[in-house]
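Notes follow the structure.
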Amino acid sequence: FMKKNITVALALTTLIFVSNIYPGDEVYINMQELFRNTKEGRLILSQNEKAKEDLLSLEYQESKKIEDFRKNVEEDIRNGKIDEEELQDKQMEMASIQKHAKRSVDDKKEELEMETQKRMLKYKNDIFVVAQEVMQSEGWGAVKDSGAPGIVCVSPEADKTKVVLTAVNE
């Protein structure tokens, strides 16, 4: 009960604090909205989706290799082409194929995550440069991301996403 009241009080304080914007006050922008509503942001989001599809395709290809190998071994067992010693060799080969597949997928996932973070960070920095220029021309004291941890809610007067969006798209 006490925790809930403190949270509500914090939210109300935040609303009251940012409801009227004066020169030097903090304002907020929604980075997700900027990504969704700018040409470069949409391109980056599209590249991220393509990267996810590529990863899923690789995972499918690797799992198909494993499944095909397993089926071939099972068929060879049914047809009597594999003895106990060869079966042990095939089991070791299967473990090696699985290990390689996992490593291949994990490496690709790490590579794609790094590329994605690099693209997004570069574009965020570009947006922050524009936001800083707008901040100086508008006389705002600070610009924060409304999607950042700890931000409960932002009043419409304090949300300057559209102002920055217009500047970014120019």
Side-chain angles (χ1 to χ4, degrees), residues 3-67 96-170:
K3 192 175 193 180
K4 192 173 190 179
N5 283 341
I6 291 171
T7 303
V8 170
L10 178 63
L12 290 174
T13 304
T14 303
L15 275 175
I16 292 167
F17 179 73
V18 294
S19 62
N20 296 312
I21 304 302
Y22 299 102
D25 280 353
E26 300 181 332
V27 297
Y28 296 83
I29 59 174
N30 185 318
M31 290 300 290
Q32 289 180 350
E33 187 175 332
L34 288 170
F35 268 88
R36 286 190 309 266
N37 294 306
T38 59
K39 184 178 179 181
E40 190 171 346
R42 284 190 298 269
L43 176 64
I44 290 169
L45 293 174
S46 171
Q47 290 170 336
N48 293 350
E49 286 303 311
K50 173 78 170 89
K52 288 177 188 176
E53 289 171 9
D54 290 348
L55 183 61
L56 287 173
S57 176
L58 178 63
E59 287 174 338
Y60 173 77
Q61 291 169 7
E62 294 297 332
S63 67
K64 181 128 176 61
K65 286 179 192 175
I66 293 167
E67 183 62 21
S96 176
I97 291 170
Q98 289 172 326
K99 186 176 181 179
H100 173 74
K102 181 174 179 4
R103 189 176 319 125
S104 180
V105 169
D106 288 347
D107 288 351
K108 185 67 172 178
K109 184 177 183 179
E110 183 178 336
E111 176 188 330
L112 293 175
E113 285 174 354
M114 287 174 45
E115 288 175 10
T116 297
Q117 287 176 358
K118 193 168 137 183
R119 281 192 300 264
M120 291 183 82
L121 184 60
K122 182 191 177 308
Y123 190 54
K124 268 186 168 182
N125 288 336
D126 293 346
I127 289 173
F128 284 138
V129 167
V130 173
Q132 185 175 17
E133 291 169 1
V134 173
M135 177 187 80
Q136 290 172 348
S137 69
E138 295 287 330
W140 303 330
V143 177
K144 294 183 177 181
D145 182 359
S146 61
I151 306 294
V152 178
C153 54
V154 176
S155 74
E157 294 89 7
D159 185 352
K160 300 300 181 185
T161 304
K162 289 182 181 165
V163 175
V164 175
L165 179 61
T166 300
V168 169
N169 281 329
E170 289 179 348

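For this chain, numbers begin at 1 and follow the sequence in order.
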Completion exercise
With sequence neighbours left out, the residues meeting side chain to side chain donor-acceptor pair (under 3.5 Å) with D126 are K122
Handout entry: Check: T116 side chain, N48 main-chain N or O, donor-acceptor pair, under 3.5 Å
Key = no
Which heavy-atom pair separates [X] from [Y] by the least distance, and what is that distance?
| X | Y | value |
| --- | --- | --- |
| D159 | I29 | OD1-CA, 4.4 Å |
| V154 | S146 | CG2-CB, 3.9 Å |
| N37 | R42 | C-NH1, 3.3 Å |
| A167 | V134 | CB-CG2, 3.6 Å |
| N30 | T161 | N-OG1, 2.8 Å |
| L112 | A51 | CD1-O, 3.2 Å |

Exercise for the section: Provide the full list of side chain to side chain donor-acceptor pair (under 3.5 Å) pairs with a residue in residues 101-115, sequence neighbours left out, each pair given once. Expected result: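 Pairs touching residues 101-115 that pass the test: K102-D106.
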Fill in the blank from the handout: Sorted by chain and number, sequence neighbours left out, salt bridge (charged side-chain N to carboxylate O under 4.0 Å, His left out) with E62 holds for K65
Problem - Sidechain N-carboxylate O distance under 4.0 Å for E53, K50 - result: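 Not counted as a salt bridge, because no side-chain N and carboxylate O are separated by less than 4.0 Å.
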Practice task
Would you check, one step at a time, whether the test side-chain contact (heavy atoms from CB on, under 4.5 Å) holds for M31 with F35?
Solution key: CA-CA 6 Å; M31 290 300 290; F35 268 88; 4.2 Å; yes
Exercise for the section: For residues I44 and M120, determine if any side-chain heavy atom of one lies less than 4.5 Å from a side-chain heavy atom of the other. Expected result: yes
Separation of [Y] [atom2] from [X] [atom1] (nearest 0.5 Å):
| X | Y | atom1 | atom2 | answer |
| --- | --- | --- | --- | --- |
| M135 | F128 | CE | CZ | 11.5 Å |
| E33 | D145 | CD | CG | 11.0 Å |
| E170 | L165 | CD | CG | 10.0 Å |

Exercise for the section: For the pair R36 and Q32, evaluate side-chain contact (heavy atoms from CB on, under 4.5 Å) and give the outcome as yes or no after the intermediate values. Expected result: CA-CA 6 Å; R36 286 190 309 266; Q32 289 180 350; 3.6 Å; yes
Exercise for the section: Check whether the side chains of E157 and S155 place a donor and an acceptor atom closer than 3.5 Å, and report yes or no. Expected result: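 S155 and E157 do have a side-chain donor-acceptor pair below 3.5 Å.
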Exercise for the section: Mind running side-chain contact (heavy atoms from CB on, under 4.5 Å) on Y123 and L43 for me, showing each step along the way? Expected result: CA-CA 11 Å; Y123 190 54; L43 176 64; over 6 Å; no
